[in-house]
Amino acid sequence: MLRQGRLVAFPTETVYGLGADAFQPKAVEAIFEAKGRPADNPLIVHLAGRAQVPQVVASLSETAERLLDRFSPGPLTLILPKHPDLPEVVTAGRDTVGVRIPGHDLAQAFLRACETPVAAPSANRSGRPSPTSPEAVLEDLEGRIACLLDGGRTEKGVESTVLDCTTDPPVVLRPGAVSVEALKSVVGAVHMEEQGEGDRPKSPGTRHRHYAPAAQVHLVHEPEEAEPTSAAGYIGLRAPENSSVFRHCRVVSDVETYAQDLFHFFRTCDHAGCDRIYAQAVPNDGLGRALNDRIRRAAAR
Ligand code: TXA
Ligand code: MG
């Protein structure tokens, strides 16, 4: 189906992706249509392995090689100079391309069978929480896709780390499932993208309110800040008082489980008609950095 130019949703270790043949511009346009995605937001190209890199990338720096050696397959997206033959619609007219080799058996089998690079954003309607289950994909995209590969719940629950390798040192455009600490251990210095008011962000997808359920998300530092009501959800590492008053209350044992469950919890609260969701911030290191980032963006109005 993918080779026929149709859209195929597939699981990865992070979240589900909505795939199209990266070399069929019409198919790639259909992704933007199905998601309601702004045309200026570039897509990540997914590859089965290193052998496909030269099809989509013009050149690989030594740093990029080292990062691929260490983190691919895995939840890391590298921004690299784009191959001139890769259709412009994939990269939203930019001269760079995001490249990722997912580490997930079904994703790998799918990408190998496609025998072509696969452009894929997360398989949600634009602005909504990324899908971490097949049900979440269907909730957003049923009737808009040709096929969904069912891989059950995804393991990481937050998206890949997006690292711009066109500068020295590389810049983290989106914190994700590979920690900044792990990146530093391989390449030394890594910068974090600072987003000043009015700047043109390098990664357009991080600009908008994002990852948001219908309920209003509130970031809290302590569980006591959450107001218990029967129309509220709470998720965090520590239990709030009166936890039974909340419509849904999820106390997670660690940051990994928190990340796995966050987007799923958002959708669960929407189904239950909650009007607000309290999400507790976590220490801002390791995977916690990505988790705090997602909560903050979901909470932005
Ligand atoms: O884990 C993931 O990365 C998932 C799975 C499906 O691989 N994909 C994903 O795609 O989250 P998406 O489109 O939802 O987010 C990709 C992010 C966006 O913020 C986008 O702007 C940025 O990567 N991006 C993609 N290509 C880029 C480029 N050439 N330059 C700068 N940012 C880029
Ligand atoms: Mg997305």
Side-chain angles (χ1 to χ4, degrees), residues 7-20 22 28 31-32 34-47 56-58 71-83 86-104 106-108 110-111 117-132 136-137 140-141 148-149 151 154-167 170-178 193 195 200-212 259 263 290 293-294 297-298:
L7 303 185
V8 176
F10 63 100
T12 76
E13 72 275 51
T14 57
V15 302
Y16 276 74
L18 175 60
V28 176
I31 291 179
F32 287 87
K35 281 194 57 129
R37 183 178 177 101
D40 65 351
N41 194 358
L43 305 178
I44 296 172
V45 175
H46 294 68
L47 307 175
V56 297
V57 162
F71 296 109
S72 282
L76 179 65
T77 297
L78 300 182
I79 307 299
L80 299 164
K82 167 188 174 296
H83 192 290
L86 184 68
E88 296 242 313
V89 58
V90 174
T91 60
R94 292 170 181 249
D95 54 10
T96 57
V97 59
V99 174
R100 166 155 127 80
I101 303 170
H104 180 285
L106 188 48
Q108 280 282 326
F110 168 62
L111 292 169
V118 172
S122 50
N124 50 280
R125 290 279 293 170
S126 195
R128 302 254 305 140
S130 293
T132 55
V137 175
D140 279 19
L141 296 175
L148 162 65
L149 297 175
T154 59
E155 180 202 332
K156 304 284 184 196
V158 294
E159 303 83 353
S160 64
T161 304
V162 177
L163 185 68
D164 185 354
C165 294
T166 64
T167 60
V171 178
V172 175
L173 302 182
R174 177 178 73 181
V178 170
E193 152 114 304
Q195 255 176 51
R200 179 168 184 261
K202 276 206 165 170
S203 187
T206 60
R207 179 180 46 204
H208 313 282
R209 177 161 186 255
H210 220 292
Y211 316 112
F263 292 146
D293 172 79
R294 302 307 186 271
R297 289 180 197 286

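Scope of the values below: all heavy atoms of this structure, side chains included, with no hydrogens, waters or symmetry mates. Read the numbers this way: they start at 1 and go in the same order the structure lists the ligands and their atoms. The first residue of the sequence shown is numbered 1, and numbering continues consecutively from there.
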- Under 3.5 Å, N or O to N or O, is N41 touching ligand 1 that way? yes
- Contact check: T77 vs ligand 1, nitrogen or oxygen atoms, below 3.5 angstrom: no
- Task: Drop me the distance from E193's CD to R174's CZ, to the nearest 0.5 angstrom.
- Result: 13.0 Å
- Query: Among the protein atoms near the Mg ion (ligand 2), how many are N, O or S and lie under 2.8 Å away?
  - Reply: 1
- Please check if any side-chain donor atom of R100 sits under 3.5 Å from a side-chain acceptor atom of T14, or the reverse. yes
- Have a look at G98, P42, P81 and point out the one with the heavy atom closest to atom 24 (N) of ligand 1. P42
- Should V56 and L47 count as side-chain neighbours, where that means a heavy-atom distance under 4.5 Å? yes
- Does the distance from a Lys or Arg side-chain N to an Asp or Glu carboxylate O, for D140 and R128, drop under 4.0 Å? yes
- Item | Atoms of ligand 1, numbered as shown, that sit under 4.0 Å from any heavy atom of P121 | 10 (O), 12 (P), 13 (O)
- Could you tell me which atoms of ligand 1, counted from 1 in the order shown, lie closer than 4.0 angstrom to a heavy atom of V162? 23 (O)
- R174 neighbourhood, listing ligand 1 atoms whose heavy-atom distance to it stays under 4.0 Å: 2 (C), 3 (O), 9 (C), 11 (O), 15 (O), 16 (C), 17 (C)
- Query: Is the side chain of T161 donor-acceptor paired with the backbone N or O of G176 at a distance under 3.5 Å, no angle test?
  - Reply: yes
- Sub-4.0 Å heavy-atom approach of K156 to ligand 1: no
- Side chains of L43 and V45 in contact at under 4.5 Å (non-hydrogen atoms): no
- Which atoms of ligand 1 have any heavy atom of I44 under 4.0 Å away? 3 (O), 8 (N), 9 (C), 10 (O), 16 (C)
- Rounded to the nearest 0.5 Å, the CZ atom of F71 sits from the CG atom of L163 at a distance of 9.5 Å
- R125 side chain reached by L141 side chain, heavy atoms, under 4.5 Å: yes
- Counting heavy atoms under 4.0 Å, the part of R37 that contacts ligand 1 is side chain
- Message: Does ligand 1 come near enough to R100 that some N or O of the ligand is less than 3.5 Å from an N or O of the residue?
- Response: yes
- Should the ring pair F10 and F110 be called parallel, tilted or perpendicular, given that the plane angle runs from 0 to 90° and is split at 30 and 60? tilted
- Task: Identify the residue among V178, I44, V15, T12 that makes a side chain to side chain contact (heavy atoms under 4.5 Å, CB included) with S160.
- Result: I44
- Task: Only one of V137, N124, T132 passes side chain to side chain contact (heavy atoms under 4.5 Å, CB included) with Y16; say which it is.
- Result: V137
- Is any side-chain heavy atom of V162 closer than 4.5 Å to a side-chain heavy atom of D164? no
- Consider every N or O of T14 and every N or O of ligand 1, then say whether any pair is closer than 3.5 Å. yes
- Filtering P38, G17, S160 for the heavy atom nearest atom 2 (C) of ligand 1 leaves S160
- Consider only side-chain N and O atoms of E159 and S130, and report whether a donor and an acceptor are under 3.5 Å apart. yes
- Has ligand 1 got any nitrogen or oxygen that is less than 3.5 angstrom from a nitrogen or oxygen of E159? no
- If you measure from each non-hydrogen atom of H46 to ligand 1, which part falls under 4.0 Å: side chain, backbone, both or neither? side chain
